[in-house]
Amino acid sequence: MVRTLVTVLLLAAALPTPAAALYRAEPDSVALGEPITLTITARPDKLQNLDLAPLMKDFEVRDQNLGGDGREASLSLTLYPLRSGRIALPDFGLRLRTPVVTVSEQSETVPRVRFLSEVDPAQYHVREPLRLSLQACDDGSLIWQRPRLATQEGLLVRPLGEEQFEVEREGERCTAHRWHWALQSTAAGEIVLPLPMLEASKFGRQLRFPPPQLRLNALPVPDWLPAEAAVGKPEISAAPLPREWPIESPLAVRLEVRGGYGAEALKHLLRLQLAHLPQFSDYPPQVEELASDDGVPRHAVSLYALFRERGAAQWPDLLLPWYDPAGGQLRQTQIKGAKLEIVDPARQRLLAWLSASGGLLAAMLSACFLWRWLGWRVRRRRALSELKQVTELPELVRGLCAFSLRRKARPAATLGEWRQRMQRETLTQGLEELVASVEAAHYGRQETALAGLLEIALARLSTARPKSFTFSA
């Protein structure tokens with residue numbers, strides 16, 4: 001019996017025994033953003049269903065790796081601190097000596113990061129557009145990734161732009177990385193927005209920082225508020241209407257609406273106001289969403305009208321309702337219409353052609369009249385200039401017989417014939433006395449000085465002018 005008991009004890013001593021449980025955190029001192037590797041070694045049944053909830057109060061559990069054999073298991077966890085200070089790790093009911101890690105705000109390799117979040121406007125109502133801004137400020141050595149906000153019940157989220165700039169914070173210069181989102185609450189009450197861990201890298205090393213907590217509180221709107229009405233006053237800009245537009249040609253007018261409207265709500269509001277107008281029956285309103293940098297929705301609205309009757313037409317006034325949170329009243333913004341003239345292009349072309357033809361005819365008549373008006377004056381001046389060069393009486397006779405206001409007129413054979421032609425064609429005073437004096441001097445009936453005769457001829461002929469406009473040029 002004694003020999004059997006000794007044999008059993010020797011065999012038990014020869015069998016391998018389970019290793020003692022281990023609980024180790026490396027390193028035991030980190031900066032915010034740096035990871036900690038936590039290793040727990042124990043029996044497999046202790047680790048398979050380990051509740052990590054106590055650990056998640058102070059750390060983000062990023063990676064888990066469980067391995068081992070049937071007698072011993074090892075659980076490796078990658079942790080990112082959620083706060084700074086001395087943090088005692090939980091024992092998970094394993095009755096182990098728990099390590100303590102020290103988390104500082106910065107280290108020699110990891111800079112201090114300061115976070116700031118803000119919502120604009122700070123006080124808002126359900127369905128009112130607002131903008132969330134999240135900012136991380138460091139020494140400029142970190143490369144940040146844009147965080148992605150998770151879908152939240154009662155909240156619409158749309159990413160906006162991001163920016164980077166230099167700023168002074170708490171007396172120190174730092175590089176600010178700022179991200180923006182457009183938010184819109186669909187239900188009243190407080191919402192805790194779970195911001196994700198913020199990821200950055202430095203020289204290829206991955207860092208994760210805890211974000212600030214953000215609480216949103218949407219104030220309610222009245223139950224009677226229509227679903228299509230925006231909360232807050234919208235801004236509307238409209239392209240000017242033309243003064244004239246051709247008949248049977250679609251007229252497109254573009255509006256830009258900046259306010260808390262949805263695309264379908266705008267379409268519904270416009271269709272209700274344009275349904276009774278026949279010129280808008282062929283083309284429904286078109287609404288396109290535009291990019292926005294400040295979180296307020298922007299839409300491009302295109303309205304198409306087709307006018308089938310010529311004459312004066314009226315573009316209608318349009319109304320967009322909105323809720324005034326300050327006054328608690330439903331208001332509306334009016335988009336003023338305008339009058340325009342609907343014209344027939346074919347008729348306009350005919351009128352334009354007739355107008356151009358009339359203008360051309362008038363110009364031709366004016367040119368003809370001007371040519372005639374100038375022509376006989378030029379010929380009179382030239383003929384008077386030639387008479388002034390006369391030095392003998394026969395030359396004066398020939399000059400008078402050749403004087404005419406008509407173009408290419410043949411010289412008269414005698415002074416009498418010239419006088420008759422001049423009296424028939426022109427308005428000239430004293431031709432009988434002039435011709436009688438020149439004939440008497442020329443045929444020797446009386447002595448008259450050439451200078452006197454020439455002076456009389458020039459005085460009489462300088463006033464000569466045609467009798468009518470039909471006078472040949």
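Using a 4.5 Å heavy-atom threshold, the side chains of Thr426 and Pro466 count as separate. Side-chain contact between Glu244 and Leu340: absent, with no pair of heavy atoms (C-beta onward) separated by less than 4.5 Å. Contact annotation: the side chain of Glu26 never approaches that of Ile36 to less than 4.5 Å [non-hydrogen atoms, C-beta and beyond]. The shortest side-chain heavy-atom distance between Pro297 and Arg258 does not fall under the 4.5 Å cut-off. The shortest distance between side-chain heavy atoms of Leu214 and Leu134 does not fall below 4.5 Å. Counting only heavy atoms from C-beta outward, the side chains of Val110 and Leu32 never approach each other to under 4.5 Å. In this structure, the side chains of Ser281 and Gln279 stay at 4.5 Å or more apart for every pair of heavy atoms. Residues Gln152 and Val157 fail the side-chain proximity criterion, which asks for heavy atoms closer than 4.5 Å.
With respect to Gln135, the side chain to side chain donor-acceptor pair (under 3.5 Å) criterion is satisfied by exactly one of Arg178, Glu163, His180: Arg178. Under the side-chain contact (heavy atoms from CB on, under 4.5 Å) rule, Arg419 has a single partner from Gln423, Arg421, Met422, which is Gln423. Each of Pro81, Pro54, Pro35 was checked for a side-chain contact (heavy atoms from CB on, under 4.5 Å) with Phe59, and the lone residue meeting it is Pro81. Of the candidates Leu195, Asp58, Leu82, Pro210 forms a side-chain contact (heavy atoms from CB on, under 4.5 Å) with just one, namely Leu82.
For the 3.5 Å distance criterion, the side chains of His177 and Asp138 qualify, holding a donor opposite an acceptor. Gln64 and Ser76 share no donor-acceptor pair across their side chains, judged by distance under 3.5 Å alone.
Note that the OG atom of Ser292 and the CZ atom of Arg298 stand 6.5 Å from one another [nearest 0.5 Å]. From Leu198, atom CG reaches atom CH2 of Trp179 across 5.5 Å, with rounding to the nearest 0.5 Å.
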Begin from the C-alpha positions of Arg205 and Glu34 and carry the test side-chain contact (heavy atoms from CB on, under 4.5 Å) through to its verdict. CA-CA 9 Å; Arg205 185 186 181 193; Glu34 292 182 302; 2.7 Å; yes
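Ring orientation note: the planes of Trp224 and Tyr323 are nearly perpendicular, at an angle over 60° on the 30°/60° scale. Note: Phe403 and Trp418 have perpendicular aromatic rings, judged against thresholds of 30 and 60 degrees for the angle between ring planes. Taking the six-membered ring where the residue is Trp, Phe92 and Tyr23 present tilted rings, their angle falling between 30° and 60°.
Between Asp282 and Arg308 there is a salt bridge, since a side-chain N of the basic residue sits under 4.0 Å from a carboxylate O of the acidic one.
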